[in-house]
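Note on naming: letters A, B, ... go to the chains in the order of the sequence lines (proteins, then strands), and numbering restarts at 1 for each one. Because the structure is predicted, anything quoted here is derived from the model rather than measured.
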2 protein chains.
Amino acid sequence: MLNSYEPLYLQLADLLRERIIDGTFPAGSPLPSEQALCDEHRQSRMTIRRALAVLRDEGLIMKRRGAPSTVRPRPARKALPLRGEQRLISRMPSRKERIQLDLDPGVPVLEVRHVGGGSDLYAADRVEVLSTI
Amino acid sequence: MLNSYEPLYLQLADLLRERIIDGTFPAGSPLPSEQALCDEHRQSRMTIRRALAVLRDEGLIMKRRGAPSTVRPRPARKALPLRGEQRLISRMPSRKERIQLDLDPGVPVLEVRHVGGGSDLYAADRVEVLSTI
DNA sequence: CCGGATTTGTACGTATGTATT
DNA sequence: GAATACATACGTACAAATCCG
């Protein structure tokens with residue numbers, strides 16, 4: 001943690017992201033506790049938590065109160081064919097939508113708009129859209 | 001701010017979200033400064049900032065250092081037709097991707113994967129995907 | 001264009017509550 | 001029930017970017 005040009009929490013996020021990608025922390029495994037990361041990297045808990053928030057917002061880890069953060073396993077994606085003149089919008093959900101769909105923070109939604117009006121909402125990490133041309 | 005069952009920062013986020021949606025804070029307009037919000041709602045600056053972070057992550061506001069947060073105007077979306085056997089993945093970008101594409105935090109990306117390999121990346125709030133059936 | 005005032009960003013500390021283990 | 005771990009929320013200080021006269 002010597003680079004002084006970049007915020008500490010981003011440097012730590014980069015470090016942890018590498019370890020997730022290179023398999024040091026495999027999918028489903030727990031990260032060290034916030035306190036352990038504080039001790040290991042000599043940073044305050046707030047800095048640690050900000051780094052973890054970055055990774056959560058990238059969809060890389062899951063956080064649960066009382067339990068250590070875990071590396072998010074890639075969920076199985078179902079095919080979602082676009083039909084007819086449907087249009088598809090990707091965006092972040094409102095908090096209500098997130099709660100209703102039981103989504104984790106940091107996961108976008110896909111909103112499929114139908115011609116006659118109305119729309120369906122999908123967790124973006126659980127579907128894969130394919131053209132039906 | 002009387003409801004004690006919900007965190008203060010979420011209650012404040014709900015309040016500000018309402019005012020954005022109902023037009024009290026129109027698109028492009030600045031929100032009150034963090035200090036003004038502290039005074040008005042009798043909360044610490046950290047609580048204010050967490051509420052603003054919620055709205056930023058929902059794509060509702062933009063934050064810029066040194067300048068007050070502003071209501072994000074809906075960017076004009078370009079049509080993005082899905083062709084052939086292309087597949088489309090929606091997800092949050094890594095920080096590098098976000099910087100390379102000059103995206104604001106809280107905006108998902110659409111990754112279009114081509115049959116032969118390779119993929120294109122789009123800011124999800126700047127494109128609208130349509131089926132080409 | 002400069003410089004001060006304002007505003008947001010980073011980083012630390014402390015205390016207490018709540019969920020999980 | 002106890003220990004562990006994360007969540008909320010208050011505070012302080014200083015840095016960096018923007019704004020404005």
Subject >> side-chain hydrogen bond (donor to acceptor under 3.5 Å, both in side chains) against B:T47, all qualifying residues, sequence neighbours excluded >> reply: B:S44
Original post:
Considering residues at least two apart in sequence or located in another chain, which fulfil the side-chain hydrogen bond (donor to acceptor under 3.5 Å, both in side chains) criterion with A:D14?
Top reply: A:R17, B:R95
Original post:
salt bridge (charged side-chain N to carboxylate O under 4.0 Å, His left out) with B:R87: which residues, sequence neighbours excluded?
Top reply: A:E128
Original post:
How would you list, by chain and number, every residue that makes a side-chain contact (heavy atoms from CB on, under 4.5 Å) with B:P68, sequence neighbours excluded?
Top reply: B:P30
Original post:
Which salt bridge (Lys or Arg N to Asp or Glu O under 4.0 Å) pairs, counting each pair once, include a residue from residues 112-122 of chain B, with sequence neighbours left out?
Top reply: B:E111-B:R113
Subject >> Length of the NZ-P vector between B:K63 and D:dT18, whole Å >> reply: 14 Å
Original post:
Quick one: does B:R72's side chain have a donor or acceptor within less than 3.5 Å of a partner on B:G59's backbone?
Top reply: yes
Subject >> side-chain contact (heavy atoms from CB on, under 4.5 Å) against A:V112, all qualifying residues, sequence neighbours excluded >> reply: A:L80, A:L82, A:Q86, A:L88, A:H114, A:Y122
Original post:
Sequence neighbours excluded, which residues qualify as side-chain hydrogen bond (donor to acceptor under 3.5 Å, both in side chains) partners of B:R45?
Top reply: B:E34
Original post:
How would you give the extent of chain B contacts on DNA chain C, as first and last nucleotide 5' to 3' within a 4.0 Å heavy-atom cut-off?
Top reply: C:dT7 to C:dT10
Original post:
Considering residues at least two apart in sequence or located in another chain, which fulfil the side-chain hydrogen bond (donor to acceptor under 3.5 Å, both in side chains) criterion with A:S69?
Top reply: none
**OP:** For DNA chain C, determine which residues of residues 27-39 of chain B have any heavy atom closer than 4.0 angstrom to one of its atoms, and list them numerically.
**Re:** B:S33, B:E34
Original post:
Does A:L10 or A:P68 map to a spot on DNA chain C nearer the 5' end, using the closest nucleotide for each?
Top reply: A:L10
Original post:
Cluster partners of B:V54, using ILVMFWY side-chain heavy atoms under 4.5 angstrom, listed by chain and number?
Top reply: B:Y9, B:L10
Pairs under 3.5 Å (N/O, protein and nucleotides 11-17 of chain D):
{"residue": "D:dA16", "atom": "O4'", "partner": "B:R65", "partner atom": "NH2", "Å": "2.8"}

